[in-house]
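First comes the structure, then the notes that go with it.
All chains are named by letter (A, B, ...) in the order of the sequence lines, taking the proteins before the strands, and each is independently numbered beginning at 1. As a basis for the values below, the full set of heavy atoms in this structure was taken, side chains included, without hydrogen atoms, waters or symmetry mates. Since the structure is predicted, the reported quantities are computational estimates derived from the model, not experimental observations.
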Protein chains: 2
Amino acid sequence: MSASPQISPTGGKSSYLHADLHRLLLDAAEIELAQKGVEKFSLRSVAKRASVSHGAPAHHFGNVDGLLTALATRGYARFIAAQDRRENLAESCPRAKLAASGLGYIDFATAHPALFRLMFTSERTDKSNPSLADAANAAFEKLTSHIEAIQGRDPHRDQLAMADVLACWGIAHGLADLMISGRLGRATFLAQMDAAERDAFFSDIILRGITTS
Amino acid sequence: MSASPQISPTGGKSSYLHADLHRLLLDAAEIELAQKGVEKFSLRSVAKRASVSHGAPAHHFGNVDGLLTALATRGYARFIAAQDRRENLAESCPRAKLAASGLGYIDFATAHPALFRLMFTSERTDKSNPSLADAANAAFEKLTSHIEAIQGRDPHRDQLAMADVLACWGIAHGLADLMISGRLGRATFLAQMDAAERDAFFSDIILRGITTS
DNA sequence: ACCTTTGCTTGACACTGTCTAAAAGTGTGA
DNA sequence: TCACACTTTTAGACAGTGTCAAGCAAAGGT
């Protein structure tokens with residue numbers, strides 16, 4: 001009996017009916033995802049972590065994709081929280097808020113790379129799932145509202161404003177993705193910067209996405 | 001006997017020794033990848049496509065990751081070719097060349113989404129493989145030379161020029177990645193544009209990455 | 001007390017990648 | 001022509017995977 005990888009609140013004793021196995025499985029799945037990545041994620045391994053039988057997860061989430069979809073949905077909440085955290089530290093200027101939001105975007109990706117990949121590039125989530133779609137939409141609306149605050153035009157109605165949205169989104173997303181795949185290591189000076197310098201560096205790049213007419 | 005998914009040049013008759021099973025397997029693997037994606041890629045399915053036994057691929061590539069690594073390496077050649085194609089159509093102005101290169105970046109991603117994912121975000125390729133590293137490096141150097149042509153400074157020696165590299169790379173990569181995950185569908189006007197309009201739209205965004213001091 | 005519903009376990013199945021031994025083919029030297 | 005070394009490919013076994021169907025254990029309502 002290895003006692004390490006269990007997170008059952010009952011101490012691993014596998015009581016027949018858990019208080020909230022749904023959440024317990026989600027937590028176990030998140031650890032599994034973080035440790036193994038999307039591509040080596042195993043449902044049976046998640047069940048082991050939660051000290052339940054290999055068939056238990058299916059009852060709550062249907063199948064693997066269902067579990068991953070739920071995980072991605074919860075991930076969006078944390079994603080938005082990471083951006084909020086940065087925004088609250090920023091000056092009240094709309095441009096500073098946008099840059100901060102982008103830094104939060106990158107924060108989240110580097111802190112939870114596997115979850116980020118699951119949310120944005122995996123094909124194992126059910127994108128037609130309403131909860132997931134709503135969560136993803138909330139993240140998108142956060143961005144559009146930043147642009148609207150800066151440009152004074154609703155991106156949903158103004159093509160130029162929407163171009164700014166896509167530009168800023170593309171930059172933040174691209175930097176985050178390249179970052180967690182280790183490709184920004186080519187810019188050696190990045191590693192030598194302290195946190196504040198790096199933030200300033202990325203902020204500058206993110207703000208290139210908006211046009212100053 | 002289903003006769004459809006075989007690409008053996010001998011007509012599926014599975015002669016014992018193939019002329020060039022190495023290449024045959026790569027071609028089969030590329031089809032498999034395109035049809036199923038990285039996450040559902042199956043080695044045994046590749047072997048079936050090539051009409052050989054399930055153990056044959058291992059002899060040529062060691063294991064699945066070896067095959068995927070070889071596939072990614074070949075992918076970079078096509079990736080660069082896609083950019084070259086765009087550059088040759090562009091005006092000779094350095095900025096136009098850069099924008100064209102970015103469009104080629106997006107061309108490749110939309111034409112070969114699964115291969116693009118394998119190259120840039122999968123963890124199943126061996127990034128320490130020299131051939132793969134060289135191929136990836138060649139793609140990166142193409143970008144830096146574009147920036148150098150524009151700014152007149154070597155990004156490897158100048159931090160401001162490298163910032164432009166990362167900015168442009170981030171934009172092109174981010175747009176490409178968001179594109180193939182279907183997220184740019186929110187900008188409905190994009191779908192209504194013809195090819196030339198879309199190119200101009202993306203070019204404008206890509207060029208926001210470089211600073212005009 | 002019984003019955004129904006839900007939660008979870010158990011066993012089976014087809015499929016996966018990898019390992020091994022053996023077979024099939026190729027080439028060389030006598 | 002034969003014998004030998006060598007590479008290429010096959011075929012079988014193995015542990016691991018996700019999913020499904022059947023059954024058991026607990027909870028709640030009547």
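Side-chain polar atoms of A/S145 and A/E148 form no donor-acceptor pair below 3.5 angstrom. Judged purely by distance below 3.5 Å, without hydrogens or angles, the side chains of B/S45 and B/K36 pair a donor atom with an acceptor atom.
Counting heavy atoms from C-beta on, the side chains of A/F116 and A/T110 never come closer than 4.5 Å. By the 4.5 Å heavy-atom criterion applied to side chains, A/I171 and A/I205 are counted as neighbours. Side-chain contact check for A/Y105 versus A/H173: some heavy-atom pair is nearer than 4.5 Å. Residues A/L24 and A/V52 fail the side-chain proximity criterion, which asks for heavy atoms closer than 4.5 Å.
Under 3.5 Å, the side chain of B/H54 and the base of D/dG12 form at least one donor-acceptor pair of N or O atoms.
In this structure, of C/dT18, C/dC8, D/dT10, it is C/dC8 that holds the atom nearest to the side chain of A/L21.
Here ring pair (Phe, Tyr, Trp, His ring centres under 6.0 Å) pairs that include residues 121-150 of chain A, with residues two or more places apart or in two chains, are A/F140-A/W169. For residues 196-205 of chain B, the set of pairs meeting the side-chain hydrogen bond (donor to acceptor under 3.5 Å, both in side chains) definition, not counting sequence neighbours, comprises B/R86-B/D199, B/D204-B/R208.
Counting any heavy atom pair closer than 4.0 Å across all strands shown, A/A58 reaches no nucleic acid atom.
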Discussion item. Quick one, B/D177 with B/R117, criterion side-chain contact (heavy atoms from CB on, under 4.5 Å). Give me CA distance, side-chain angles, the key distance, then yes/no.
Written reply: CA-CA 8 Å; B/D177 196 48; B/R117 247 70 197 263; 3.0 Å; yes
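Sorted by residue number, the list of members of residues 114-127 of chain B with any non-hydrogen atom under 4.0 Å from DNA chain C is empty. At a non-hydrogen distance threshold of 4.0 Å, B/F41, B/S42, B/L43, B/R44 from residues 34-46 of chain B come into contact with DNA chain C.
Taking atom CG on B/D65 and atom P on C/dT16, their separation rounds to 16 Å, with Å as the unit. For A/L24 and C/dC8, the CG to C1' distance is 13 Å, given to the nearest whole Å. To the nearest angstrom, C1' of D/dT10 lies 14 Å from CG of B/L25.
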Which protein N or O atoms sit under 3.5 Å from an N or O of nucleotides 3-5 of chain C?
none

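For B/A187, the side-chain contact (heavy atoms from CB on, under 4.5 Å) test picks out A/M162, A/L166, B/F189, B/L190, with sequence neighbours left out.
Considering all non-hydrogen atoms of both residues, B/I206 and B/A99 come closest at CD1-O, 4.0 Å.
In terms of phosphate contacts, A/H59 brings no side-chain nitrogen or oxygen within less than 4.0 Å of OP1 or OP2 of C/dT9.
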